Protein chains: 2
Amino acid sequence: MRPKNLEKEQAIKSVALQLIAEEGLENLSMQKLAKAANISPRTIYLKYADKDDLLIKLYIEEVLGAYEAAITEGLHDNMTFEEGVKHIWMKSFEYYKTNQPAFALMLYGKSSPLLNKAFQEMNIKEGQYFAPIHQFLELQVKKGKIKDFPFTVQRALLFAPLTDLINEYFEHINRSGQPVTPQILMAACETVIDGLLKK
Amino acid sequence: MRPKNLEKEQAIKSVALQLIAEEGLENLSMQKLAKAANISPRTIYLKYADKDDLLIKLYIEEVLGAYEAAITEGLHDNMTFEEGVKHIWMKSFEYYKTNQPAFALMLYGKSSPLLNKAFQEMNIKEGQYFAPIHQFLELQVKKGKIKDFPFTVQRALLFAPLTDLINEYFEHINRSGQPVTPQILMAACETVIDGLLKK
DNA sequence: ACAAAGTAAGTAAATGTTTATTTACTTACA
DNA sequence: TGTAAGTAAATAAACATTTACTTACTTTGT
């Protein structure tokens, strides 16, 4: 039996993410992807059932999974609230800075009904994504350190600005006057931390 | 000369937004739109040069323009920082609650390169979008009331969580346990306000 | 007061292209 | 040599956009 070429498997994923980042999800086609990855369209269908399957797996595994792994690495329950949140902000920035195409598809996850639905279903079937963060925040509430909001609200308050700032970072990456420097990012992080503290 | 039917003009816009919200920008086609709006494909081309032109105008005029008008109405420079930010949060929530399709396309504006680019160019040509908010925040900085961040950073800290929360609101609208109630929203708003205050 | 001419708004159907996916074949290795 | 991995080319459907025509109203000459 002919062994599978892992380079081709990887090429499909990374070229797909690249094309999505450059031209948008709405302009990705299987034939364009095959040509750009230097493979036959059929090869994609050996690994994915159809286009939706490819997009969903790309989003769940390459984007959400890889991101979760990157930011939860080194996150411990014995960290203070400040340390934990700063850890996630820093790791997120570092991760996406070197994985811009993953960031682009992550953003599409917030708008595309296909990806959105896939995320909801995955969350139900496989247990909460970002469970370590959920757990970390729950502990801080129990300690009386931070305000007791539902998890989704805490997530919005602590991390929605971060996504916006990383987006801003990329938009200014080839221009003068980058507003998102590491110092600004840390100051912004301290701002969201301070807001959520119980006074 | 036969007068134009304004209902059809309006139908194109509202049906397009609806289809995008339901099936995603990546699944919108001109023929589908024509059929859903009960018009001929040609009619769309009488009002828009091509598909990109339609999407860009929909995004800039119907989504960003209408939203800006909705939230800046009643925003005055003599409001306190707290009043101003709460005003924008409340108006935003009210506006999007009754314009979910506009919210869906607004989200695509953050991911789609086409819409993103259109927004940048519009901002350069026509002057800053959300200028009243820019001006309001600048005044608060001058007064020494809030931390002096670049505008984009202030926007991220004050309003990115709001977008996330409205999204969350829609995702729970037909389910039990809605986490985004008006009270929670106001408490979250107070949290972002508190974070940005100069201490 | 009124019909008929002029015209932009509108339509149905066609255009050529691109799409997702499949068929029929070839390749490279265990 | 058997077989899964891979390919090039084909298929049918859907796509953006256009063509050739009709409609419905305004204008104009009477």
Side-chain angles (χ1 to χ4, degrees), chain A residues 1-62 105 108 112-115 117-118, chain B residues 1-62 105 108 112-115 117-118:
Chain A
M1 172 177 123
R2 184 177 178 174
K4 53 173 109 179
N5 186 337
L6 293 174
E7 273 171 44
K8 281 177 188 177
E9 214 155 284
Q10 190 47 50
I12 293 173
K13 296 180 198 168
S14 62
V15 172
L17 287 176
Q18 246 170 271
L19 285 178
I20 291 167
E22 281 162 19
E23 304 175 20
L25 187 58
E26 59 274 31
N27 295 309
L28 180 75
S29 88
M30 298 300 260
Q31 307 201 67
K32 249 186 356 200
L33 170 57
K35 192 165 272 183
N38 258 302
I39 53 168
S40 154
R42 185 81 234 290
T43 303
I44 305 173
Y45 287 92
L46 292 172
K47 295 158 205 306
Y48 302 97
D50 51 30
K51 193 185 177 184
D52 282 2
D53 184 47
L54 164 66
L55 292 176
I56 290 171
K57 284 189 174 143
L58 217 54
Y59 176 60
I60 298 282
E61 289 162 22
E62 299 301 306
L105 187 55
Y108 267 109
S112 156
L114 174 76
L115 301 181
K117 215 176 127 235
Chain B
M1 173 179 124
R2 184 176 178 174
K4 52 174 111 179
N5 186 335
L6 293 175
E7 274 172 45
K8 282 178 187 177
E9 214 155 283
Q10 190 47 51
I12 293 172
K13 295 180 200 168
S14 63
V15 171
L17 287 176
Q18 248 170 271
L19 286 178
I20 290 167
E22 282 162 20
E23 305 176 19
L25 186 59
E26 59 275 30
N27 294 311
L28 180 75
S29 87
M30 298 299 261
Q31 307 199 72
K32 248 180 10 192
L33 170 56
K35 193 165 271 181
N38 257 302
I39 53 167
S40 153
R42 188 73 237 281
T43 304
I44 306 173
Y45 287 91
L46 292 173
K47 296 157 207 306
Y48 302 96
D50 51 31
K51 194 185 178 185
D52 282 3
D53 184 45
L54 164 66
L55 292 176
I56 289 172
K57 283 188 175 145
L58 217 55
Y59 176 59
I60 298 280
E61 289 162 23
E62 300 301 304
L105 185 55
Y108 268 109
S112 155
L114 174 76
L115 301 182
K117 216 177 127 232

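Only a predicted model underlies this, so the values are computations on that prediction, with no experimental measurement involved.
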Could you list by number each residue of residues 50-62 of chain A showing a heavy-atom separation from DNA chain C of less than 4.0 Å, or answer none if no residue does? A/Asp50, A/Lys51
Could I get a table of every N or O pair under 3.5 Å where one atom is in the protein and the other is in nucleotides 7-12 of chain D?
residue : atom : partner : partner atom : Å
D/dT7   : OP1  : A/Lys8  : NZ           : 3.3
D/dT7   : OP2  : A/Ser40 : N            : 3.1
D/dT7   : OP2  : A/Thr43 : OG1          : 2.3
D/dA8   : N7   : A/Ser40 : OG           : 3.4

If you compare every side-chain N and O of A/Ser29 against the phosphate oxygens of C/dT18 (OP1, OP2), does one of them come in below 4.0 Å? no
Are A/Ile12 and A/Lys8 packed together at the side-chain level, in the sense that at least one heavy-atom pair is separated by less than 4.5 angstrom? no
For B/Ser112 and A/Tyr108 the tightest heavy-atom approach is CA-OH, 3.2 Å
Identify whether the distance between the nearest side-chain nitrogen and carboxylate oxygen of B/Lys13 and B/Glu61 falls below 4.0 Å. no
What is the minimum heavy-atom distance between A/Leu58 and A/Ala16, and which atoms define it? CD2-CB, 3.6 Å
List the steps, then state whether side-chain contact (heavy atoms from CB on, under 4.5 Å) holds for A/Glu26 with B/Leu28. CA-CA 9 Å; A/Glu26 59 274 31; B/Leu28 180 75; over 6 Å; no
In whole angstroms, how far is the C1' atom of C/dA8 from the CD atom of B/Glu9? 13 Å
When the distance from CD of B/Glu26 to P of D/dA16 is rounded to whole Å, what number comes out? 13 Å
Rounded to whole angstroms, how far apart are CG on B/Asn27 and P on D/dA13? 19 Å
Take the protein atom CD1 of A/Ile12 and the nucleotide atom C1' of D/dA5, then report the distance between them rounded to whole Å. 12 Å
Which one of A/Leu114, A/Leu17, A/Leu105 satisfies the side chain to side chain contact (heavy atoms under 4.5 Å, CB included) criterion with A/Tyr59? A/Leu105
Whole-Å distance, A/Leu28 CG to D/dC15 P, equals 16 Å
Using whole Å, what does the distance between atom P of nucleotide D/dA5 and atom CG of A/Leu6 come to? 11 Å
Nearest-Å distance for atom pair OH/P, residues B/Tyr48 and C/dA9: 14 Å
side-chain contact (heavy atoms from CB on, under 4.5 Å), that's the test. Do A/Ser40 and A/Thr43 meet it? Break it down for me. CA-CA 5 Å; A/Ser40 154; A/Thr43 303; 4.0 Å; yes
Please indicate whether A/Lys47 has more than 12 foreign heavy atoms, meaning atoms of other residues, nucleotides or ligands, lying under 6.0 Å from its NZ. yes
Does a side-chain N or O of B/Lys4 approach OP1 or OP2 of D/dC25 to a distance below 4.0 Å, or not? no
Tell me the interatomic distance from B/Ile44, atom CD1, to D/dC15, atom P, rounded to whole angstroms. 12 Å
For A/Ile60 and A/Ala118, work out which heavy atoms get closest and say how close. CD1-O, 4.0 Å
